[in-house]
Amino acid sequence: MNTRPLKTFSRPLFVFILTGFTGGCGILTPPAGTPTFTPLPSATFTPTPVTWENLASTPPMGWNSYNHFNCNISETLIKETADAMITSGMRAAGYQYVNIDDCWMASERNADGTLEPDPKKFPNGIKAVADYVHSKGLKLGIYLDRGTKTCGGFPGSYGYEVQDAGTIASWGIDYMKYDNCSPAPGSSLVTDYTTMSNALKATGRPIVFSMCSWGFPGSWVASGRIAHLWRTTSDIKDTWDSLMAIMDANSVSAAFAGPSHWNDPDMLEVGNGGLTDTEYRSHFTMWALMAAPLIAGNDLRTMSQATIDILTAPEVIAVNQDPLGIQGTLVGNIEGTKKPEVWSKILSGNNVRAVVLLNRSDQTADISIKWIDLGLPSGPASVRDLWLRTDLGAFENGYTATVPSHGVVLIRVASVGGDMPTVTPAP
Ligand code: GLA
């Protein structure tokens, strides 16, 4: 087990020191009878330092260029996307990372081995883009690869890990996706990702580390000391079958997820046009329930109001961002056929669950859940519909909803009287 202390990133600490009033210019004698105040003892307030462990304490939220734009990226696109993240309300809803994927580089490193951006796509360099994104209160992500070439054929970081980590840190990068193409002969996945993890930590800059090795890497990542998230599957497609297959595969490693170490079932396809809004609502719901990173993959500049409403649904996002960070899973022992499914995620509070009634079949279906199958006490529980943002009332023992084909009903279930922490009064 690695017992080395984890890096604490240096950043300016704002220390507020409260002291008693010590007087100004000249000495004033208070009139007789004026109450006197005993100065308070000095107190200090120190904000929580940013550490590797708390850098992604809830699943990261942002956008990535690949699903919609592939290699058609540019400084203009990234800046316009940052602007759209704000005007659409996504920043206010919690999204913060604007992530550049593959194909941002020039085809060769420069003479001293430093990575250079493609001068046509990024004529002012990456730091200028980072400065712009930061000026908007957002963060910038970038893409590298652990092999000799990226998946798009650009320079890989094998053998250049320390130099590349230093380069992206000097540009002000906040998030890095590390891909898995063209591994060097004789190299090992574990060594390559660990080497880059250490190189990132050594920069002293807090950079979220996103592993992309297309399958749960193994329990060696579960400590959260290697990466903040890891891709559990091959690339997502904008089809219903792809979403369902990825969801099932991502569930296998549910037990290994937690604050600052997340299973990543790949970026969202919401708004990319291959599915209905009902299906995209199901996609977003299931990614929220699985505590997956919510990385939008559509064109934020032109998206419809329906897409905005899905991506910014506050009570669905709250399920995803619940501080316990437990990945929701399929509930066993339910009645009904195989295709209508019930999934559940433990939320913070006493006896509180997010529950998805998911209809994978081709017909409308009634889907039921009993409280006992959620591990909740029998007796009444309050039910709230999190898409409709409506309280549905208290229900004895269970709940049934009619769910359209490829649709979901997402509810929050709280045992009545059981969702408030017990406070013991001081004697
Ligand atoms: C791989 C990754 C994708 C994307 C492309 C870029 O396929 O899994 O998410 O980054 O490479 O080339």
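Since we're looking at a predicted model, the values are computed, not measured. Counting starts at 1 for both ligands and their atoms, in listed order. Worth knowing before you read on, the calculation uses all heavy atoms, side chains too, and leaves out hydrogens, waters and symmetry mates.
A perpendicular orientation is assigned to the rings of Tyr178 and Tyr193, their planes being inclined by more than 60° (bins at 30° and 60°).
Between Trp214 and ligand 1, at least one pair of N/O atoms sits closer than 3.5 Å.
Salt bridge absent: Lys79 and Asp83 never bring a charged side-chain N and a carboxylate O closer than 4.0 Å. With salt bridges taken as basic N to acidic carboxylate O contacts below 4.0 Å, one links Arg384 and Glu315. Ion pairing of Asp266 with Arg231 is present here, as a side-chain N (NZ or NE/NH1/NH2) and a carboxylate O approach within less than 4.0 Å. Look at Glu116 and Arg109 and you find no salt bridge, because none of the NZ, NE, NH1 or NH2 atoms lies under 4.0 Å from a carboxylate O.
Here Cys212 has side-chain heavy atoms under 4.0 Å from ligand 1, and that is the only part of it that gets that close.
Of the protein's non-hydrogen atoms, Asp235 OD1, 2.5 Å is the one closest to atom 8 (O) of ligand 1. In terms of protein heavy-atom proximity, atom 12 (O) of ligand 1 is nearest to Asp102 OD2, 2.8 Å. Taking atom 9 (O) of ligand 1 as the reference point, the nearest protein heavy-atom neighbour is Lys177 NZ, 2.8 Å. Atom 1 (C) of ligand 1 has Asp179 OD2, 3.0 Å as its closest protein atom, hydrogens excluded (heavy atom only).
Counting heavy atoms only, Asp101 comes closest to atom 4 (C) of ligand 1 of the residues Asn64, Asp101, Asn67.
Taking every non-hydrogen atom of Cys151 and a distance limit under 4.0 Å, the qualifying atoms of ligand 1 come out as 1 (C), 11 (O), 12 (O). Less than 4.0 angstrom separates some heavy atom of Arg231 from each of these atoms of ligand 1: 8 (O), 9 (O).
Evaluation of the ring pair (Phe, Tyr, Trp, His ring centres under 6.0 Å) test over residues 57-99, restricted to residues two or more places apart or in two chains, returns Tyr97-Tyr175.
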What pairs of donor and acceptor atoms, side-chain ones from residues 151-159 against any protein atom, are under 3.5 angstrom apart with sequence neighbours left out?
from: Ser157; atom 1: OG; to: Asp164; atom 2: OD2; distance (Å): 2.7

